[in-house]
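Remember, it's a predicted structure, so these values are computed and weren't measured experimentally.
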Amino acid sequence: MGDIDIKAQLEEAKRRKWDDRTLTQRSAELAQDLADEAVRKLKGDERTLLAALGRMAAEEKHREFVRVLTTNVFHAATPAEQADNLKKLLTAHGGVPPIFSTVGKLRFKAAAMAAAGMQQTAIAEVRRVFRSTFGELTLPTQVEKLSKRVREFAKDGLTPAINPMVPEVFGPKTAEQYFRNLEATLTKQEGVGVVIQPWRLVPHLDPYAPGHGARLLAEKLKDLFRVSLKGGKSRPLVLELGESPLHPLTAEAVRLALSPAEFHRADVAVELPAYLRNTPALLREFIEWAGARAAKGAKPLKVLLVKGSHLEAEQEHSARYGSANAVCANKAETEAAYKQLVHAAIAAPAKAITPVIGSHNTFDMAYALLDWGRSGREGLPPFCFLSGLANHIGRLLAAEGARITLCAGVSPVGDDSGFENHLFRLVSELSRPDGFIASGCALDTASLGWGRMRQHFLAAFSPRSETLNE
């Protein structure tokens with residue numbers, strides 16, 4: 001692993017009992033070492049993806065090009081209309097943006113000029129270029145290719161948690177389809193877990209009737225927990241909480257579902273977003289409940305600590321209607337809240353909860369590693385990434401013994417709309433100024449983007465709020 005000895009640094013943090021200032025400075029140093037070493041483990045497709053995402057984040061016109069491509073071109077009614085719309089798109093943007101490879105640009109231009117009988121084939125080539133550029137964000141749809149990819153991940157110490165990209169239409173039929181997709185994945189695909197989105201399992205959850213909704217959701221979760229435990233080996237389940245109005249309901253459903261002894265071994269990671277100001281209170285509730293559960297022989301509850309997977313929707317809702325669950329005012333506040341949340345979770349009793357680090361920011365990873373070491377917890381913390389964004393760092397940490405989960409979408413056969421929506425949500429969330437993608441995806445530690453990330457990291461450590469540990 002080059003010159004980095006992570007375990008030695010964790011041991012030093014514990015032995016010397018580093019204060020917060022020392023821990024912060026050493027985290028910044030470790031972050032650079034991790035990033036430099038991990039870049040050497042980048043595979044070609046991963047580098048292509050991160051470069052394309054970085055260019056999309058940097059230029060609104062690049063994002064607009066891809067947006068029009070995936071709507072007006074890919075979803076036009078006929079091949080002739082697709083080719084005509086592509087020609088208009090290239091004219092409007094002065095050609096193909098540097099998101100795509102040189103060969104890919106040639107495919108775009110050829111499709112725009114294709115003869116009538118060749119338009120369908122030419123547009124299919126453009127789709128393949130698009131997929132090859134951004135494909136690392138998802139897993140293959142075909143069973144054979146998916147199994148092969150899972151085996152490749154396993155060799156690197158990575159475990160995928162599959163997120164079926166079903167249409168975002170809510171109702172009993174689509175909820176049943178969604179449940180069957182999750183069940184089939186756990187039953188038929190070896191070596192994977194799933195991502196569970198509760199609002200898709202039970203349509204029309206009502207935050208104003210939390211008791212009824214929590215019981216309905218808990219029964220659905222129990223069914224999935226049973227499937228995940230078949231065969232004697234628990235599959236990883238990543239449970240998203242969704243938008244804040246549903247958090248109390250979903251949290252109660254989790255407690256109801258995990259309380260029976262038959263689910264004490266279930267490998268469930270519950271997502272907690274730092275951008276909401278009442279998340280520390282929710283964390284304390286889970287710590288207290290999980291501690292009582294652990295006393296009955298249950299394994300620790302995993303809490304997946306993220307900055308904000310629904311931030312944009314929360315901000316829009318809060319601006320329009322107000323919110324009982326206040327959102328952090330800016331990036332600086334969210335960054336500080338995340339570090340505080342990580343610290344509070346690591347400081348909690350190890351028998352009650354296991355924090356899972358869900359940030360792609362290398363500084364956050366380094367801080368979590370060293371704070372984990374200082375706390376005296378055993379081994380390394382587990383991490384959870386979106387597929388394609390930090391696979392290289394995942395391989396690096398897995399080699400040191402960390403457990404790495406990759407959340408990866410899988411689109412239905414012949415339907416890329418879910419994948420396209422995922423791409424835009426991802427870029428929207430992570431391309432904010434000085435964010436992970438906009439700063440170059442931590443690929444060059446000599447860049448201005450890296451310097452800005454470092455400044456934001458250090459600035460997040462104002463005197464630590466005591467509210468998390470009250």
Side-chain angles (χ1 to χ4, degrees), residues 20 24 197-199 205-208 210 213-214 238-255 269-290 301-348 352-353 355-361 363-364 367-368 371 384 425 428-430 432-436 453 456-470:
D20 288 351
T24 302
Q197 296 174 327
W199 61 95
L205 285 172
D206 185 357
Y208 299 104
V238 177
L239 182 65
E240 295 186 11
L241 285 188
E243 296 181 28
S244 59
L246 290 177
H247 285 192
L249 185 157
T250 306
E252 178 61 16
V254 170
R255 291 189 285 263
V270 182
E271 176 191 79
L272 294 181
Y275 68 94
L276 293 171
R277 290 178 180 167
N278 77 342
T279 294
L282 184 56
L283 173 62
R284 290 195 296 271
E285 290 177 13
F286 272 126
I287 292 171
E288 181 179 357
W289 171 81
L301 174 71
K302 289 182 177 178
V303 288
L304 171 57
L305 308 175
V306 302
K307 290 182 182 176
S309 56
H310 298 272
L311 177 58
E312 196 168 68
E314 294 278 6
Q315 288 177 328
E316 182 178 346
H317 186 277
S318 181
R320 288 185 177 183
Y321 311 111
S323 175
N325 194 355
V327 179
C328 288
N330 51 45
K331 177 179 172 61
E333 188 178 343
T334 302
E335 290 289 342
Y338 186 72
K339 277 68 170 177
Q340 293 165 9
L341 194 67
V342 167
H343 176 74
I346 290 175
I353 67 166
V356 180
I357 310 306
S359 171
H360 303 95
N361 186 310
F363 290 96
D364 294 333
Y367 173 74
D371 199 27
C384 183
R425 281 197 301 268
S428 177
E429 292 288 350
L430 299 180
R432 298 168 184 273
D434 301 322
F436 168 73
M453 287 176 65
H456 280 287
F457 172 75
L458 296 176
F461 291 93
S462 55
R464 180 171 282 127
S465 169
E466 296 298 324
T467 59
L468 290 168
N469 299 308
E470 289 176 353

*Asks:* Just verifying a value: how many Å separate L246 CG and E240 CD, rounded to the nearest 0.5 Å?
*Replies:* 12.5 Å

*Asks:* Distance from T279 atom OG1 to E271 atom CD, nearest 0.5 Å?
*Replies:* 9.5 Å

*Asks:* Name all residues meeting the side chain to side chain donor-acceptor pair (under 3.5 Å) criterion together with S359; count only those two or more places apart in sequence or in a different chain, and write none if there are none.
*Replies:* D364

*Asks:* Closest approach of P273 and H247, non-hydrogen atoms and distance?
*Replies:* CG-CE1, 3.8 Å

*Asks:* Can you see which heavy atom on D371 is nearest to which on I346, and at what distance?
*Replies:* O-CG2, 3.8 Å

*Asks:* Is there a side-chain contact between V327 and L276 (heavy atoms, below 4.5 Å)?
*Replies:* yes

*Asks:* Can you name the closest pair of heavy atoms from A290 and A352 and give their distance?
*Replies:* CB-O, 3.2 Å

*Asks:* Do the side chain of Y338 and the main chain of L305 share a donor and acceptor less than 3.5 angstrom apart?
*Replies:* yes

*Asks:* Less than 4.5 Å apart, any side-chain heavy atom of V270 and any of F286?
*Replies:* yes

*Asks:* T24 versus K339: any side-chain heavy-atom pair under 4.5 Å?
*Replies:* no

*Asks:* Identify, with sequence neighbours excluded, every residue that meets salt bridge (charged side-chain N to carboxylate O under 4.0 Å, His left out) alongside E288.
*Replies:* none

*Asks:* Would you indicate whether the side-chain heavy atoms of N361 and H456 approach each other to under 4.5 Å?
*Replies:* no

*Asks:* Just so I know, are the side chains of Y275 and E333 near enough to count as touching, which here means a heavy-atom distance under 4.5 Å?
*Replies:* no

*Asks:* Using every non-hydrogen atom in the two residues, find where A345 and I353 come nearest and quote the distance to one decimal.
*Replies:* O-CD1, 3.7 Å

*Asks:* For A274 versus C328, what's the shortest heavy-atom pair and its separation?
*Replies:* O-SG, 3.9 Å

*Asks:* To check you understand the geometry: which heavy-atom pair defines the closest contact between P198 and T250, and what is its length?
*Replies:* CG-CG2, 3.7 Å

*Asks:* Can you name the residues that form a ring-ring contact (aromatic ring centres under 6.0 Å, His included) with F363, not counting sequence neighbours?
*Replies:* W450, F457

*Asks:* With a 4.5 Å cut-off on side-chain heavy atoms, are L282 and L241 touching?
*Replies:* yes

*Asks:* Quick one: CD on E285 to CG on N278, what's the gap to the nearest 0.5 Å?
*Replies:* 8.5 Å

